[in-house]
Protein chains: 2
Amino acid sequence: MERKKIFGEPRCSAPNENVSFVQKSIRMTVLTKNINQIVSLTPEEINAIENAFGYLELSKGGFWVKQGKICDQVAFVVSGKLRNFYMEDAGNEVTCFFVTANHFISSFTSFLTNTPTHENISALEDTVLRVISKNDLEKLSVLIPKLQIFRRVIAENLFITMEKRVAILQSKTAYERYEKMLKENPEIILGVPLQYTASFLGITPQHMSRLRKEMMK
Amino acid sequence: MERKKIFGEPRCSAPNENVSFVQKSIRMTVLTKNINQIVSLTPEEINAIENAFGYLELSKGGFWVKQGKICDQVAFVVSGKLRNFYMEDAGNEVTCFFVTANHFISSFTSFLTNTPTHENISALEDTVLRVISKNDLEKLSVLIPKLQIFRRVIAENLFITMEKRVAILQSKTAYERYEKMLKENPEIILGVPLQYTASFLGITPQHMSRLRKEMMK
DNA sequence: GAATTCGCTTAACAAATGTTAACAAATCAC
DNA sequence: GTGATTTGTTAACATTTGTTAAGCGAATTC
């Protein structure tokens with residue numbers, strides 16, 4: 001019963017939409033619902049996946065990944081919001097990306113190449129994660145081969161996202177980038193310190209402040 | 001016998017390194033050699049893959065993909081070099097990326113989402129491709145499930161590449177970007193019109209000319 | 001071989017963006 | 001609540017980058 005509380009996301013429609021009991025009380029959370037949208041799962045597979053992913057709660061400001069270590073886990077964000085960032089030599093932070101509920105997060109390059117990460121991941125608000133280690137993910141993928149397809153689709157979508165970002169950083173002005181983000185990702189800009197968004201867009205907080213003023217007209 | 005000529009890449013070490021006859025004359029080209037480095041293939045699988053990929057030769061300047069159509073193919077570059085670019089509203093070209101031998105190329109977002117592409121792909125020099133349609137790739141992946149793993153790894157590597165590019169565009173000056181590319185990808189910069197490299201780096205040709213002059217000191 | 005196009009450079013100027021520093025506003029710690 | 005820290009704003013100035021226009025040599029075309 002305690003767990004139900006963890007999954008309790010008021011923004012989801014009906015309560016039974018969130019935690020469903022399929023057949024013989026198979027527990028299907030947002031995690032397997034998400035996977036099931038790409039590759040359809042049997043009740044046994046749902047159980048295996050739900051059991052393989054652990055739970056992790058982070059308080060606002062709490063760190064999940066710290067630079068210098070190998071990030072050997074990947075997580076699904078049940079609720080909350082996180083930021084992936086690194087420190088430049090000069091000491092200033094660079095925000096790589098933000099991750100909101102219903103998406104996967106990791107220090108991907110470290111996870112995929114087994115090398116120490118230079119990134120940090122911290123919670124921008126209270127956050128609930130479903131976490132799995134690389135080892136366990138590989139085991140699970142042997143047990144459920146169709147997970148390879150799911151993992152491929154996730155990687156492909158990450159690529160598409162990054163390709164779009166490259167195009168924007170390459171050919172749009174700071175003003176256009178801010179405008180676009182405000183329109184397409186207001187949920188990220190709002191409620192996140194301006195300096196984080198600024199570095200995500202590749203500009204200084206001062207300049208972004210200037211752009212905001214300009215936009216008021 | 002004519003085909004052997006196509007594969008004849010003088011830059012590869014011994015001739016039998018390039019076209020190998022394993023067991024009962026299994027033909028293994030750079031294509032399956034590349035795949036085999038990620039997921040090991042049986043002779044039957046090698047044959048199936050080699051037969052599923054067609055051949056395509058492009059002369060310098062020739063187009064493989066044109067904007068407006070759905071790109072439903074992916075290709076492996078046997079030899080040569082290509083450029084992926086799109087036209088901005090203003091009419092100027094933006095170079096998305098360059099692809100050299102031994103890598104896969106496509107208008108990936110179009111290929112993955114079945115939507116018309118706004119990109120073009122043309123050959124920077126005479127080029128030989130091994131081409132497969134999305135449909136055939138899916139069939140082949142059913143026949144050889146481990147190809148899902150290979151496709152996942154390809155997508156992951158594409159993501160890693162794009163993530164690095166985002167970080168550079170986000171936080172490095174034009175001078176630093178050019179310097180870095182000159183050091184890490186000289187094979188692309190040399191022998192490619194400067195304007196293409198400039199747009200790849202997100203700067204104007206004039207500014208890049210300025211940077212080169214500055215670098216002479 | 002003359003004309004043309006292409007690729008690249010240069011220069012003067014304009015616009016965008018960064019830097020520094022000071023301060024205001026909001027939030028946090030106690 | 002009050003002081004301290006974080007966050008956001010503003011302004012003056014410096015630097016980077018874009019724009020426009022011109023020119024030049026090599027390759028290409030006719």
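Letters go in sequence order (proteins before strands), and every chain restarts at 1. Computed from a predicted structure; not experimentally measured.
- Ring-centre distance between Phe200(A) and Phe97(A): not below the 6.0 Å cut-off.
- Residue Arg212(A) has no polar side-chain atom (N or O) positioned under 4.0 Å from OP1 or OP2 of dG8(D).
- Side-chain contact check for Arg83(A) and Ser122(A): no donor-acceptor pair (N or O, by modelled atom type) lies under 3.5 Å.
- Distance from the side chain of His207(B) is smallest for dT17(D) among the nucleotides dG18(C), dT20(C), dT17(D).
- Cation-pi contact between Lys134(A) and Phe111(A): present, with separation from the ring centre below 6.0 Å and deviation from the ring axis of at most 45°.
- When rounded to the nearest whole Å, the span between CG of Leu201(B) and P of dT16(D) equals 17 Å.
- Listed pair Lys213(A) / dA11(D) meets the phosphate criterion, a side-chain N or O lying under 4.0 Å from OP1 or OP2.
- Rounded to an integer number of Å, the gap from CD of Glu88(B) to C1' of dG18(D) is 13 Å.
- In this structure, Arg130(A) is positioned above the aromatic face of Tyr55(A), its NZ or CZ under 6.0 Å from the six-membered ring centre and within 45° of the axis.
- Rounded to a whole Å, the CG atom of Leu190(B) is 12 Å from the P atom of dC8(C).
- In this structure, Gln195(A) places its CD atom 12 Å from C1' of dT5(D), rounding to the nearest Å.
- At whole-Å resolution of the value, CD in Glu176(B) and C1' in dG18(C) are 13 Å apart.
- A donor atom on one side chain and an acceptor atom on the other are not found under 3.5 Å apart for Ser133(A) and Gln73(A).
- Residue Gly61(A) is classed as having no contact, given no heavy-atom separation below 4.0 Å to the nucleic acid.
- Between the side chain of Arg210(A) and the base of dG8(D) there is no donor-acceptor pair of N/O atoms closer than 3.5 Å.
- The interatomic distance linking Arg177(B) (CZ) with dT17(C) (C1') rounds to 12 Å, in whole Å.
- Per the geometry, CG belonging to Leu211(A) stands 11 Å off P belonging to dT9(D), to the nearest Å.
- Listed candidates were dA21(D), dT19(C), dG8(D). Nearest to the side chain of Gln206(B) is dA21(D).
- Listed pair Ser209(A) / dG8(D) fails the phosphate criterion, with no side-chain N or O lying under 4.0 Å from OP1 or OP2.
- In this model, the phosphate group of dT16(D) is not approached by any side-chain N or O of Thr173(B) to a distance below 4.0 Å at OP1 or OP2.
- Rounded to whole angstrom, the span from the CE atom of Met208(B) across to the C1' atom of dA11(C) amounts to 19 Å.
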